[in-house]
Engineer: 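Sending over a structure as structure tokens; questions will come in a sec.
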Amino acid sequence: MVAVTRDVVIIGGGMAGLAAAWRLRHRDVVLLEAGDRLGGRMRSDARGEFWLNYGAHLFPGPGSLVDGMARECGLDTVPVTGSMMGIAVGSTLLDHGRVETYPLRLPLSVRDRITFARAGVKVQRAVARYHRLEQRYDFEDDRTFGEFLGPLPPAVRDIFSCAAHRATAELDELSAGCGIGLFALVWGGKGSLIARNLLGGSGTLPMALGRELGERARTGCRVRAIRADGADLVVEHDGGEIRAHQVIVAAQAPHAAPLVASVAERAAAALSQLTYGAFLTVAVETRETTAMPYDDVYAMATPGRVFDMFTNQAHALRREGPRRPGGSLMLFAGARGAAALMSESDELIVERFLDELHELYPHTRDVIAGATVHRWELGNVYARPGRSRLQPALVGPLGAHENLHLAGDYFAELGNIEAAARTGLAAAERVDTRTSEATHA
Ligand SMILES: Cc1cc2nc3c(=O)[nH]c(=O)nc-3n(C[C@H](O)[C@H](O)[C@H](O)COP(=O)(O)OP(=O)(O)OC[C@H]3O[C@@H](n4cnc5c(N)ncnc54)[C@H](O)[C@@H]3O)c2cc1C
């Protein structure tokens with residue numbers, strides 16, 4: 001027996017679902033999140049002045065939706081001022097200077113330098129084309145990024161593979177357009193979607209939104225099915241059922257697909273074809289009392305290592321005043337290597353990551369205070385060739401009564417928090433308009 005009928009139920013409490021709930025907070029809304037906390041792939045824990053980060057860490061700048069939501073909650077982001085395009089190959093660490101000079105400065109053979117420089121120029125030209133486009137879904141959608149780059153010697157291939165792992169994919173998996181989009185994002189500088197850090201850690205935003213939403217956001221509440229009932233929808237969850245005029249499904253695509261199947265079959269089929277790769281992160285707490293060689297570095301690609309990226313999460317606190325003792329790093333691996341290592345124990349993962357961290361920065365040897373592993377099986381969504389053909393089935397109101405809406409980072413060719421939030425907002429605006437029309441009818 002289903003008692004009241006809600007205006008809207010939102011399924012999933014990641015950035016997409018939270019942005020939708022935030023926009024609809026003046027309505028009769030309830031958000032159901034399966035996990036024990038809000039935020040999905042945004043997650044961090046406070047450690048004194050520092051924070052340990054496990055998921056998304058780079059925020060978009062002022063004028064973005066996410067930045068606006070953070071400000072509304074009284075939170076502040078700061079620009080990342082340290083190097084974001086460092087690279088370490090063997091014992092050579094490059095953390096300053098233009099990327100165009102890397103082929104000359106890395107320990108590569110003359111032949112490899114030439115191939116690397118040529119591939120780099122090819123990507124740069126494609127990024128320029130990418131920036132000129134308004135519609136990007138079908139850009140370079142018919143071949144893989146590996147095919148776009150062409151044959152590469154192993155040392156150069158390692159470098160581009162490491163970059164692709166940031167999209168949780170291998171070179172022979174992601175589309176050329178997605179690979180080019182990834183470089184556009186990383187080279188985007190201050191105006192890009194990944195230019196800032198949230199003071200206090202990225203998890204403070206979902207926590208603050210959750211506090212404001214109060215009882216409208218429920219955790220530990222997995223949705224099992226959605227069924228149509230007349231012009232309404234009934235959401236079956238662990239604790240019972242809720243009837244709603246409209247539903248926004250903001251779960252990751254593999255979870256969303258079975259939920260929407262009985263109401264929007266074509267969308268379910270498209271959702272089940274979207275591709276995700278794994279991320280494995282190790283958050284490292286350090287206790288040094290003196291400056292570290294990476295104090296001016298935010299992110300460093302580490303091709304050929306067990307982790308693909310070294311990041312310095314304490315960087316946001318190093319901008320002014322005396323250097324605070326201690327620190328927080330996040331090391332992460334993406335794609336097949338991450339998926340394979342994930343089944344190992346935390347102890348083994350930590351040991352392997354820390355061994356390589358010490359090789360990279362020997363100063364870290366005696367200062368490790370703790371290390372926490374986080375496994376993201378659905379780490380990020382990336383476009384495979386042919387991805388653009390799935391888009392029409394996902395867009396707009398769905399179902400016979402046009403009362404089902406999808407939101408999630410998978411609408412973008414590469415997942416990010418701003419894309420996720422915008423899809424939540426777009427779904428919420430459709431819901432809001434229909435709710436107003438129904439109220440005034
Ligand atoms: C290690 C890592 C680093 C990243 N770095 C960045 C970065 O620096 N910048 C950036 O912009 N992006 C980054 N990303 C990507 C970013 O985190 C995601 O694109 C974004 O957070 C996705 O938001 P979402 O709401 O679409 O999905 P999610 O955050 O995955 O939220 C979906 C939610 O739905 C819930 N759910 C699933 N099924 C059900 C169900 N049946 N019932 C109820 N709830 C359900 C899940 O528990 C989850 O909480 C990173 C991701 C990872 C993992």
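Residue numbers run from 1 in the order of the sequence given. Indexing begins at 1, ligand by ligand and atom by atom, following the structure's order. Computation of the quantities below employed the complete heavy-atom set of this structure, encompassing side-chain atoms and omitting hydrogens, waters and symmetry-equivalent molecules.
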Engineer: Please name the pair of heavy atoms, one in Glu402 and one in Gln246, separated by the smallest distance, quoted to 0.1 Å.
Structural biologist: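 What the structure gives for the nearest pair is O-OE1, 4.4 Å.
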Engineer: If the test is salt bridge (Lys or Arg N to Asp or Glu O under 4.0 Å), which one of Arg336, Arg384, Arg143 qualifies with Asp172?
Structural biologist: Arg336
Engineer: Using only atom types and a distance under 3.5 Å, with no angle test, would you say the side chain of Asp229 pairs donor to acceptor with the backbone of Val234?
Structural biologist: no
Engineer: With heavy-atom distances below 4.0 Å as the criterion, list the atoms of ligand 1 near Ala250.
Structural biologist: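 What qualifies from ligand 1 is 32 (C), 34 (O).
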Engineer: Given that the side chain starts at C-beta and the backbone is N, CA, C, O, which of these parts of His255 lies under 4.0 Å from ligand 1, counting heavy atoms, or is it both or neither?
Structural biologist: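 For His255, only side-chain atoms sit under 4.0 Å from ligand 1.
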Engineer: Are any of the N or O atoms of Glu418 closer than 3.5 Å to those of ligand 1?
Structural biologist: no
Engineer: State, without any angle test, whether Asn53 and Ser202 hold a side-chain donor-acceptor pair at a distance under 3.5 Å.
Structural biologist: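 Side-chain D/A pair, Asn53 to Ser202: present.
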Engineer: Which residue supplies the protein heavy atom nearest to atom 37 (C) of ligand 1, what is that atom called, and how far is it?
Structural biologist: Gln252 OE1, 3.2 Å
Engineer: Would you say Arg41 has any N or O atom under 3.5 Å from an N or O of ligand 1, going by distance alone?
Structural biologist: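 Between Arg41 and ligand 1 (N or O atoms, distance only) the closest approach is under 3.5 Å.
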Engineer: Is Thr281 close to ligand 1, meaning an N/O of one under 3.5 Å from an N/O of the other?
Structural biologist: no
Engineer: Heavy atoms only: give me the nearest Met85-Tyr102 pair and the separation to one decimal.
Structural biologist: O-OH, 2.6 Å
Engineer: For ligand 1, which atoms sit closer than 4.0 Å to a heavy atom of Leu58?
Structural biologist: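 Once the distances to Leu58 are compared, the set is 7 (C), 8 (O), 9 (N), 10 (C), 11 (O).
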Engineer: Considering all heavy atoms of both residues, which atom of Tyr276 and which atom of Pro254 are nearest to each other, and what is their separation?
Structural biologist: CE1-CD, 3.4 Å
Engineer: Write down the atom of Glu288, the atom of Gly327, and the distance for their closest heavy-atom approach.
Structural biologist: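 Taking every non-hydrogen atom into account, OE2-N, 3.9 Å.
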Engineer: Could an N or O of ligand 1 be found under 3.5 Å from any N or O of Met15, whether backbone or side chain?
Structural biologist: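 There is such a contact, yes.
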Engineer: What residue and atom, counting heavy atoms only, is the protein's closest point to atom 48 (C) of ligand 1, and at what distance?
Structural biologist: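 So the nearest neighbour among protein heavy atoms is Glu33 OE1, 3.5 Å.
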Engineer: Output the list of atoms in ligand 1 that are nearer than 4.0 Å to some heavy atom of Ala16, sorted by atom number.
Structural biologist: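 Every atom of ligand 1 under 4.0 Å from some heavy atom of Ala16: 25 (O), 26 (O).
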Engineer: Which atoms of ligand 1 are found less than 4.0 Å from any heavy atom of Gly379?
Structural biologist: 51 (C), 52 (C), 53 (C)
Engineer: Please check: side-chain N/O of Asp141 versus main-chain N/O of Arg387, any donor-acceptor pairing under 3.5 Å?
Structural biologist: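 Side chain of Asp141 to backbone of Arg387, a donor-acceptor pair under 3.5 Å: yes, one is there.
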Engineer: What protein heavy atom sits nearest atom 40 (C) of ligand 1, and how far away is it?
Structural biologist: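 Ranking protein heavy atoms by distance from atom 40 (C) of ligand 1, first comes Val223 N, 3.7 Å.
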Engineer: Is any N or O atom of Gly408, backbone or side chain, closer than 3.5 Å to an N or O atom of ligand 1?
Structural biologist: no
Engineer: So which heavy atom in the protein is nearest atom 34 (O) of ligand 1, and how far is it from that ligand atom?
Structural biologist: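 Nearest protein contact, heavy atoms only, for atom 34 (O) of ligand 1 is Gly12 CA, 3.4 Å.
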Engineer: Can any side-chain N or O of Thr302 pair as donor or acceptor with the backbone N or O of Asp308 at less than 3.5 Å?
Structural biologist: yes
Engineer: Counting heavy atoms not belonging to His255, are there more than 12 under 6.0 Å from its NE2?
Structural biologist: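 Atom NE2 in His255 is crowded, with more than 12 foreign heavy atoms closer than 6.0 Å.
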Engineer: So is Tyr54 in contact with ligand 1, going by heavy-atom distances below 4.0 Å?
Structural biologist: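 Per 4.0 Å heavy-atom rule, Tyr54 contacts ligand 1.
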Engineer: So that I know where these two stand, are Phe310 and Tyr361 an aromatic pair - ring centroids less than 6.0 Å apart?
Structural biologist: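 That pair passes the under 6.0 Å test.
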Engineer: Who's the nearest protein heavy-atom neighbour of atom 4 (C) of ligand 1, and how far?
Structural biologist: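 Scanning the protein heavy atoms, the shortest distance from atom 4 (C) of ligand 1 goes to Ala56 CA, 3.3 Å.
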Engineer: For Glu100, does the CD atom sit with more than 12 other heavy atoms under 6.0 Å from it, leaving out its own atoms?
Structural biologist: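 Count over threshold, so yes.
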Engineer: Can you confirm, on distance only, whether ligand 1 has an N/O atom lying under 3.5 Å from any N/O atom belonging to Ile417?
Structural biologist: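 N/O-N/O distance below 3.5 Å exists for this pair.
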Engineer: Counting only nitrogen or oxygen atoms and a 3.5 angstrom limit, does Asp409 reach ligand 1?
Structural biologist: yes
Engineer: Among all protein heavy atoms, pick the one closest to atom 44 (N) of ligand 1 and tell me residue, atom and distance.
Structural biologist: Ala34 N, 3.1 Å
Engineer: Angle class for the Phe160/Phe145 ring planes (parallel below 30°, perpendicular above 60°, tilted otherwise)?
Structural biologist: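 The rings of Phe160 and Phe145 stand perpendicular, inter-plane angle above 60°.
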Engineer: Looking only at distances, please establish whether an N/O atom of ligand 1 is found under 3.5 Å from an N/O atom of Ala420.
Structural biologist: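 Looking only at distances, the answer is no, because the N/O contact criterion of under 3.5 Å is not met.
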Engineer: Need the ligand 1 atom indices (1-based, order shown) with element for anything under 4.0 Å from a heavy-atom of Gly14.
Structural biologist: 25 (O), 29 (O), 31 (O), 33 (C)
Engineer: Suppose I only count heavy atoms of Leu32 and a 4.0 Å limit; which atoms of ligand 1 are within that range?
Structural biologist: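 So the answer, numbered in order with elements, is 43 (C), 44 (N).
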Engineer: Ile11 heavy atoms, cut-off 4.0 Å: which ligand 1 atoms fall inside?
Structural biologist: 42 (N), 43 (C)
Engineer: Phe332: heavy atom below 4.0 Å from ligand 1, yes or no?
Structural biologist: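 Judged by the 4.0 Å heavy-atom criterion, Phe332 does not count as contacting ligand 1.
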Engineer: Salt bridge or not between Arg25 and Glu212? Use side-chain N to carboxylate O under 4.0 Å.
Structural biologist: no
Engineer: Closer than 4.0 Å to some heavy atom of Phe279 - which atoms of ligand 1 meet that?
Structural biologist: 1 (C), 2 (C), 52 (C), 53 (C)
Engineer: What class does the angle between the rings of Phe307 and Phe353 fall in, given that below 30° is parallel, 30 to 60° is tilted and above 60° is perpendicular?
Structural biologist: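 Ring orientation, 0 to 90° scale: tilted.
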